[in-house]
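Basis for what follows: all heavy atoms, side chains included, without hydrogens, waters or symmetry-related copies. Every chain is numbered from 1 and lettered A, B, ... according to where its sequence line falls, protein lines coming before strand lines.
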Protein chains: 2
Amino acid sequence: MSKSDGLPILHESYACCTPLAREPMDARQAATVTGLLKALAEPVRLRLMSIVLSHEGGEACVCDLTDAFDLSQPTISHHLKVLHEAGLLDRDKRGVWVYYRARPDAISALGALFSLPAPRV
Amino acid sequence: MSKSDGLPILHESYACCTPLAREPMDARQAATVTGLLKALAEPVRLRLMSIVLSHEGGEACVCDLTDAFDLSQPTISHHLKVLHEAGLLDRDKRGVWVYYRARPDAISALGALFSLPAPRV
DNA sequence: TGTCAACATAGACACATGTCGAAGTCTGAC
DNA sequence: GTCAGACTTCGACATGTGTCTATGTTGACA
């Protein structure tokens with residue numbers, strides 16, 4: 001019943017993403033996908049994802065991330081929580097430091113969502 | 001000085017999207033990309049895109065789209081405007097009807113954004 | 001045990017956003 | 001010209017969201 005392991009919600013979100021152009025998306029699937037998109041549709045959070053993804057070792061601690069912005073530490077912490085709850089970042093506490101790591105399956109699910117069918121000539 | 005042709009803003013947004021994991025994204029680029037993501041991070045708009053993309057001929061008129069939702073027609077019109085201003089939908093008025101068509105370049109730009117580097121073994 | 005540092009949570013506030021009904025703008029038909 | 005229909009725009013309202021300061025929690029260390 002621990003709540004620090006893995007992601008809290010959206011366990012199914014990674015298998016959610018059939019291409020947008022494949023067939024009309026129903027309301028339930030749209031709600032699931034927008035859970036991911038809303039988390040990313042914010043400049044600070046998008047940059048946070050980008051920093052984590054391109055950081056050495058594929059992970060970054062909160063201190064690294066806070067330094068990259070002219071925002072308060074609680075604000076960065078809030079954004080990281082949003083990304084984590086959306087299933088985009090994994091959280092790993094090591095000693096006093098907390099490291100965040102991107103979930104490749106979530107990213108690739110979004111890549112699949114925006115894949116287009118082969119152009120009809 | 002016409003304002004009905006093409007898309008009003010974000011002309012450069014299609015070339016914007018280097019992969020998220022490539023390097024830390026700067027604030028300006030993040031703002032551009034979130035322009036696209038914010039437009040899509042709403043269930044009704046995501047479904048609208050999906051319907052237009054999978055509709056016969058790749059386009060749909062407002063009447064088709066309004067029927068698919070239990071929302072007022074002005075609300076659908078508002079969402080279509082948001083998608084159009086983000087550069088995701090093209091608008092084409094033919095007689096009394098208005099047809100919307102997805103911009104494949106916008107979709108594929110987002111696909112590129114979420115493409116991951118080859119996994120390092 | 002006490003203290004410090006890293007991070008999270010709580011509460012408050014301003015601002016953005018989704019929705020609606022009402023009114024406006026075109027376009028085609030009579 | 002006038003009317004009807006398809007769609008957009010306007011103004012209002014409730015709700016959601018990003019930010020802050022203040023406070024809480026947790027782990028390392030003397």
How close do A/Arg47 and B/Ala30 get, counting heavy atoms only, and between which atoms? CG-CB, 3.5 Å

To the nearest 0.5 Å, atom CD of A/Glu23 lies from atom OG of B/Ser50 at 7.5 Å

Could you give the start and end, 5' to 3', of the contact zone on DNA chain D for chain A, using atoms under 4.0 Å from its heavy atoms? D/dG18 to D/dA28

Sorted by number, the residues of residues 37-68 of chain B with heavy-atom contact under 4.0 Å to DNA chain C: B/Glu42, B/Arg45

When rounded to the nearest 0.5 Å, the distance separating CG of B/Leu71 from OG1 of B/Thr66 is 9.5 Å

Any chance you could measure B/Asp26, atom CG, to B/Thr32, atom OG1, to the nearest 0.5 Å? 8.5 Å

dist B/Leu36:CG -> A/Leu40:CG (nearest 0.5 Å) comes out at 13.0 Å

Dump the pairs, protein N or O against N or O of nucleotides 28-30 of chain C, anything under 3.5 Å, distances to one decimal.
none

If you compare all heavy atoms of A/Ile51 against all heavy atoms of B/Pro24, which two are closest, and at what distance to 0.1 Å? CG1-CB, 4.0 Å

The helix from C/dT1-D/dA30 to C/dC30-D/dG1: angle between terminal helix axes, five bp per end, to the nearest 10 degrees, reads 20°

Out of curiosity, B/Met25 CE to A/Leu46 CG, how far, rounded to the nearest 0.5 Å? 4.5 Å

Looking only at side-chain N and O atoms, does B/Gln29 offer a donor or acceptor that is under 3.5 Å from a partner on B/Thr18? yes

How close or far is atom P of C/dA22 from atom CD of B/Gln73, stated in whole angstroms? 14 Å

For B/Trp97, which fellow cluster members are found when Ile, Leu, Val, Met, Phe, Trp and Tyr are connected by side-chain heavy-atom distances below 4.5 angstrom, either directly or through intermediates? B/Val96, B/Tyr99

The correct set of residues in residues 74-83 of chain A placing a heavy atom under 4.0 Å from DNA chain D is A/Pro74, A/Thr75, A/His78, A/His79

Test item: B/Val82 and B/Glu42 side chains (from C-beta on) under 4.5 Å apart, heavy atoms: no

Tell me whether B/Arg103 is salt-bridged to B/Asp90, with the criterion being a basic N under 4.0 Å from an acidic carboxylate O. yes

Starting at CG of A/Asp67, measure out to CD of A/Gln73 and round the result to the nearest 0.5 Å. 11.0 Å

Interatomic distance, A/Tyr100 OH vs C/dA6 P [rounded to whole Å]: 16 Å

Rounded to the nearest angstrom, tell me the gap between atom CD in A/Glu85 and atom C1' in C/dT9. 12 Å

Kindly say whether A/Lys38 contributes a backbone atom to a donor-acceptor pair with the side chain of A/Arg45 at under 3.5 angstrom? yes

Hey, what's the ring geometry for A/Phe114 with B/Phe114, parallel, tilted or perpendicular (30° and 60° as the breaks)? parallel

Between C/dT9 atom P and A/Lys93 atom NZ, what is the distance in whole Å? 10 Å

For B/Thr34 and A/Pro43, the nearest pair of non-hydrogen atoms, with its separation, is CG2-N, 3.5 Å

